[in-house]
Amino acid sequence: MKKFSLSHFDLNTKCAFTLSLMRLMALFVAFLLLCSVIFSLSVVLRDPPSDAALREPSSLIPLFQITQDLDNNTSDSVELLQDKLYGGLLVDGFDESSCLSRYQSAMYHLKGLSGKPSSYLISRLRKYEAQHKQCGPYTEFYNKTVDQLRSGKFTESSPCKYVVWISFSGLGNRILTLASAFLYALLTNRVLLVDPGVDMIDLFCEPFPDASWFLPADFPLTAQFNNFSQKSDQCYGKMLKNKSVVNSNVPSFVYLHIAHDYDDHDKLFFCDEEQHFLQEVPWLVLKTDNYFVPSLFLMPSFEQELNDLFPNKETVFHFLGRYLFHPTNSVWGLVARYYQAYLAKVDERVGIQIRVFDTEPGPFQHVLDQILACTLKHKLLPDVKHQQDAINSSGIPKSKAILMTSLSSGYFEKVRDMYWEYPTVTGEVIGVYQPSHEGYQQTQKQMHNQKAWAEMYLLSLTDVLITSSWSTFGYVAQGLGGLKPWILYKPENRTAPDPPCRRAMSMEPCFHAPPFYDCKAKRGTDTGELVPYVRHCEDMSWGLKLVDSDSYH
């Protein structure tokens, strides 16, 4: 039988062939793995947003954020993604699924907080949370003070005193006044309880751990909320007018009327002398449609505490707003889906908030002219070429998204068509979006307010903001976003103002109806000229707003 043997040459050839085959198989496996990765990334980046994106934000948002940061050669946003609690402003310990926005909002506010909260503010918030847990609804102290309220007799002092906020006015006003009431509660060591009204529970998550901030349905005064007015016997202004305030006879509750129509006696609430009596009253029931924080800064008894809480005066609503107001899951779904669909992947986001105070619905040409004059003059948006030049395809153009909010769709349609029909002089690509156009304000309609809250929040996520004069909707957006907006002057006689707008001094809202009274001198005075950090508003000459005194000078 003939034997076969491999020569040294044949053996080397076979080994080389085997090694080549193994390399080829390894390359093939690597190719399959690479295809799998590319396919997965294409699905993530291509698919439209869905509720799944809300349940698993880490699968989409961080990927986009990190990619964007690599393009911008920065790592700030990557670090911010890890800081869900804004440097300790928020407290952990909540069920994340019950309020997704509390833990996910930091991934959408790309710039984080505007400034750093003082260590004293953070410690004071932790102290308040403990107090709220001790005194909140159906605790022992709450039940005792409610019993006294029912009996109408104030028998013994309690370690827990309360300020009850009545749900009143439009949504923007409610957000601003609730922040004001909370700051007053902090300053006076009271517990804030919130009238749920018709929709507050549908709009806002609980901000405090372990105890609700919503007033129980069986609270004995709830049925009277709609009837409280300046004529009520329990109204503090009326009590002062009738000289029925006696320190030895402390009532079980007092009604505070701080609405736009309040009179000179109601305004004495902002005098230290009257606060001494109110300190003893267990229940203060507050109705207001004013952001009254600036006047608290003019009260000597609160001055040091406020300086410690807010060394930078223009951060009051910014910090308190981020602390208090977390959209419910239904509202957060509106925010997250819209942001991911239209705003997430652009180089810059520009918000334009339009509020027209006119008896007719519009749209009005003079308002559109004013918006374009403001944005083009200050180079917030690019102008267009009316000659149709060929598009230069070299390089990737910079992209901008314009987010417009208005009750009318007319302004959006005009701006959208302008950037669709003509190229920009800068070569930028402009997308124009408007989430809703409800036609008219529907304060008592649940979905209307959910959309309004979502749109305020979306505006706060923009890089540049243009707002309308007098609008609390715009105030909320700028405060939450930490933005100094460009404010459109209020038109007169349906004519576009010239100049069309100006930059805000600070991101703080305006107090529309402040008192002009010197409590110490007991005479009228210009309260916008008393201290450098309380000035008159840009959009309302008689209003007051907080500014950072250093930056103002």
Side-chain angles (χ1 to χ4, degrees), residues 94 98-99 125 128-152 154 158-171 173-229 232 234-236 251-259 278 281-290 292 320-321 323-328 331 443-444 446 449 453:
F94 287 80
S98 68
C99 184
L125 292 175
Y128 175 84
E129 289 158 3
Q131 181 187 16
H132 197 96
K133 181 178 180 180
Q134 181 186 34
C135 303
Y138 300 123
T139 59
E140 179 183 354
F141 291 121
Y142 171 86
N143 292 337
K144 282 185 177 180
T145 54
V146 166
D147 288 342
Q148 292 183 7
L149 186 60
R150 283 197 175 97
S151 67
F154 180 60
S158 167
C160 299
K161 291 184 172 64
Y162 301 86
V163 55
V164 175
W165 173 89
I166 295 178
S167 184
F168 175 62
S169 195
L171 182 57
N173 295 78
R174 282 186 276 163
I175 293 172
L176 298 178
T177 60
L178 193 45
S180 305
F182 178 69
L183 181 58
Y184 179 70
L186 279 184
L187 295 171
T188 56
N189 291 311
R190 290 180 178 271
V191 169
L192 172 67
L193 294 178
V194 174
D195 166 26
V198 297
D199 61 1
M200 294 295 290
I201 294 175
D202 299 318
L203 299 174
F204 303 102
C205 298
E206 296 277 4
F208 314 127
D210 304 317
S212 177
W213 71 338
F214 288 116
L215 201 64
D218 59 357
F219 184 68
L221 298 180
T222 301
Q224 303 178 50
F225 285 170
N226 290 334
N227 298 323
F228 280 137
S229 70
S232 302
Q234 299 84 3
C235 179
Y236 192 51
S252 57
F253 82 96
V254 163
Y255 165 65
L256 301 171
H257 188 84
I258 315 294
L278 293 176
V281 181
W283 291 93
L284 299 179
V285 180
L286 173 68
K287 181 186 286 186
T288 180
D289 54 4
N290 280 308
F292 58 79
L320 294 186
Y323 174 74
L324 290 171
F325 303 118
H326 307 285
T328 55
V331 177
T443 301
Q444 299 302 316
Q446 180 181 338
N449 283 332
W453 178 210

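Throughout, numbering of the chain's residues begins at 1 and tracks the sequence.
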Who passes ring pair (Phe, Tyr, Trp, His ring centres under 6.0 Å) against [X], sequence neighbours left out?
X	value
F325	F204
Y236	F277
W165	none

Given side chains that start at C-beta, do those of [X] and [Y] come closer than 4.5 Å, heavy atoms only?
X	Y	answer
W283	L193	yes
T139	K133	no
V254	Q234	no
F141	P159	yes
K287	I258	no
V285	L221	yes
S252	Q148	no

List for me each residue that meets side chain to side chain donor-acceptor pair (under 3.5 Å) alongside [X], sequence neighbours excluded, and say none if there are none.
X	result
T328	S330
H257	Y255, D261
Y142	none

Checklist entry - According to the side chain to side chain donor-acceptor pair (under 3.5 Å) rule, which pairs have a member within residues 179-198, sequence neighbours left out? => result R124-N189, Y184-Q275

Roughly how far, to the nearest 0.5 Å, is [atom2] of [Y] from [atom1] of [X]?
X	Y	atom1	atom2	result
L186	L192	CG	CG	9.0 Å
W453	L171	CH2	CG	7.5 Å
L320	L178	CG	CG	10.5 Å
L324	L183	CG	CG	10.0 Å
N449	D202	CG	CG	10.0 Å
S232	Q224	OG	CD	8.0 Å

Looking only at heavy atoms, what is the nearest atom pair of [X] and [Y], with distance?
X	Y	value
C205	S98	SG-O, 4.4 Å
S229	C235	O-CB, 3.6 Å
P251	P282	O-CD, 3.5 Å
A181	L286	CB-CD2, 3.8 Å

Checklist entry - Can we call the ring centroids of Y162 and F253 under 6.0 Å apart? => result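 So the answer is no for these two rings.
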
Checklist entry - Should the heavy atoms of other residues, nucleotides or ligands under 6.0 Å from CG of N143 be counted, would the total exceed 12? => result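 Check passes, neighbour count above 12.
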
Item to check | Contacts of type side chain to side chain contact (heavy atoms under 4.5 Å, CB included), residue D289, not counting sequence neighbours | outcome: F168, S169, N173, A259, H260

Next on the checklist: Under the rule for side chain to side chain contact (heavy atoms under 4.5 Å, CB included), what residues qualify as partners of E140, not counting sequence neighbours?
Outcome noted: K144

Checklist entry - So, does K161 use its side chain to make a donor-acceptor pair with the main chain of V281 at under 3.5 Å? => result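 Here the side-chain-to-backbone pair does not exist.
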
Under 3.5 Å, which donor-acceptor pairs do the side chains of residues 206-219 form with other protein atoms, sequence neighbours left out?
unit_1, atom_1, unit_2, atom_2, d
E206, OE1, S212, OG, 3.4
E206, OE1, W213, N, 2.9
E206, OE2, S212, OG, 2.6
S212, OG, F214, N, 2.9
D218, OD1, Y138, OH, 3.0
D218, OD2, Y138, OH, 3.3

